[in-house]
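A short write-up of the structure that comes next.
Atoms within a ligand are numbered from 1 in the order they appear, just like the ligands themselves.
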Amino acid sequence: MGRASRDKRDIYYRKAKEEGWRARSAFKLLQIDEEFNIFEGVKRVVDLCAAPGSWSQVLSRKLYLPTKLSADSRDSDLPLIVAIDLQPMAPIEGVIQVQGDITNARTAEVVIRHFDGCKADLVVCDGAPDVTGLHDMDEFVQSQLILAGLTIVAHVLREGGKFIAKIFRGKDTSLLYCQLKLFFPLVTFAKPKSSRNSSIEAFAVCENYSPPEGFDPKNLHRLLEKVGSPSGANNLDCSSGWLEGPNKVYIPFLACGDLSGYDSDRSYPLPKVADGIYKSLDPVQPPIAPPYKRALELKKASSHGIQELEKLSLDS
Ligand code: SAM
């Protein structure tokens, strides 16, 4: 699909470039905020799986820049934003970047060091593994990434804090909901308007972090293996189908973002311009070291190789 055609078919892709966001995902976080007011009172925030950085841009524009620009603010008032990803990303004002793996528990120590031993008010995680197209497999790997995020949360989030995480809707959504409910009394699964209906993606909005009494983050996995019922009443084995029948869990699912706003599944005509030719904008910030870079280099090298071979056979 060419860029102009994508501009027509993906209104949020076009709007992202017009508004200076590095990725269309920025709108998902903005729409979640419209519904849940997630930035209220936030001074320290962690952006897990942040590259290429559109969520970090939202955090910078919503939290850092307004404080920096207010006349009477001091350095000590400035919010702290720590962004982590396997991939490096271009700098963003007010965002501390850490290149690291969120499945490594030591990443939490790095965050806490940046917060001078204080805890975060908000952790967001838009992490996604490379999807295989095998739905069950993708859902499983995604849930492992969320559990890695939850491990970081258990180390760095203050009581009462919030956690926003991308999830893949699937047959284990109820289990994930119950696991999150062990730590957050309020969990809502939200689907922002900018996230396509055809996509299995949604977001868990977890509010008021309240770990079980005496909880030790090192034992998180043991606790999740024997997840309790949503009300915390019993410790039951999740493998025995206990979420079926009378125990079935009904998950609050909420559409968010202006519902009369742009529909991410529709095509929109390109805006009219004076000379009649709409010029497609370049991406705001292409990834600086994308994981597919080596593959492209190899492909280019091999197609050169083939061309050389073809030239040789024509010459001979
Ligand atoms: N929120 C980002 C934005 O708005 O620009 C987009 C995030 S992108 C959908 C998913 C990111 O997850 C990728 O940059 C990938 O490198 C990162 N990721 C996947 N697994 C990770 C891991 N184990 N640790 C850190 N980052 C990871």
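No more than 12 heavy atoms of other residues, nucleotides or ligands lie within 6.0 Å of NZ in K62, so this atom counts as exposed by the packing criterion. Remark: K17 NZ is packed, more than 12 non-hydrogen atoms of other residues, nucleotides or ligands lying under 6.0 Å away. Counting heavy atoms of neighbouring residues, nucleotides and ligands inside a 6.0 Å radius, atom CD of E40 does not exceed 12 of them. Around atom CG of D258, more than 12 heavy atoms belonging to other residues, nucleotides or ligands sit under 6.0 Å away. Surrounding OH of Y262 are at most 12 heavy atoms belonging to other residues, nucleotides or ligands under 6.0 Å away.
Salt bridge K15/E18: present, at least one basic N to carboxylate O contact under 4.0 Å. D121 has no carboxylate O lying under 4.0 Å from a charged side-chain N of K162, or vice versa, which leaves the two without a salt bridge. A salt bridge is defined here as a Lys NZ or Arg NE, NH1 or NH2 lying under 4.0 Å from an Asp or Glu carboxylate O, and D126 with K28 fails to meet this definition.
Per-residue contacts place G127 under 4.0 angstrom from the following atoms of ligand 1 (heavy atoms of the residue considered): 12 (O). Numbered from 1 in the order shown, with element, the atoms of ligand 1 that lie under 4.0 Å from a heavy atom of G53 read 3 (C), 5 (O). Contact atoms of ligand 1 toward S25: 4 (O) (distance under 4.0 Å to a heavy atom of the residue). The A50 neighbourhood of ligand 1 comprises atoms 2 (C), 3 (C), 5 (O), with distances under 4.0 Å to a heavy atom of that residue. Every atom of ligand 1 with a heavy atom of P52 under 4.0 Å away is listed here by number and element: 5 (O).
Using 4.0 Å as the threshold, G100 has a heavy atom nearer than that to some atom of ligand 1. The shortest heavy-atom distance from Q87 to ligand 1 is under 4.0 Å. Taking 4.0 Å as the cut-off, A128 counts as a neighbour of ligand 1 on heavy-atom distance.
Between the side chains of S56 and D47, at least one donor-acceptor pair of N or O atoms lies under 3.5 Å.
Looking at D101, I102, D126 and measuring to atom 1 (N) of ligand 1, the nearest heavy atom belongs to D126. In this structure, of I84, L86, L29, the residue bringing a heavy atom nearest to atom 26 (N) of ligand 1 is L86.
The protein atom (non-hydrogen) at minimum distance from atom 7 (C) of ligand 1 is A51 O, 3.2 Å. Nearest non-hydrogen protein atom to atom 18 (N) of ligand 1 is C49 SG, 3.7 Å. Of all protein heavy atoms, the one lying nearest to atom 14 (O) of ligand 1 is D85 OD2, 2.8 Å.
Remark: ligand 1 and S54 share an N or O pair separated by less than 3.5 Å (distance only, no angle test). The distance criterion of under 3.5 Å between nitrogen or oxygen atoms is not met by D47 with respect to ligand 1.
Taking the six-membered ring for Trp and thresholds of 30 and 60 degrees, F184 and F163 have nearly parallel ring planes, at less than 30 degrees apart.
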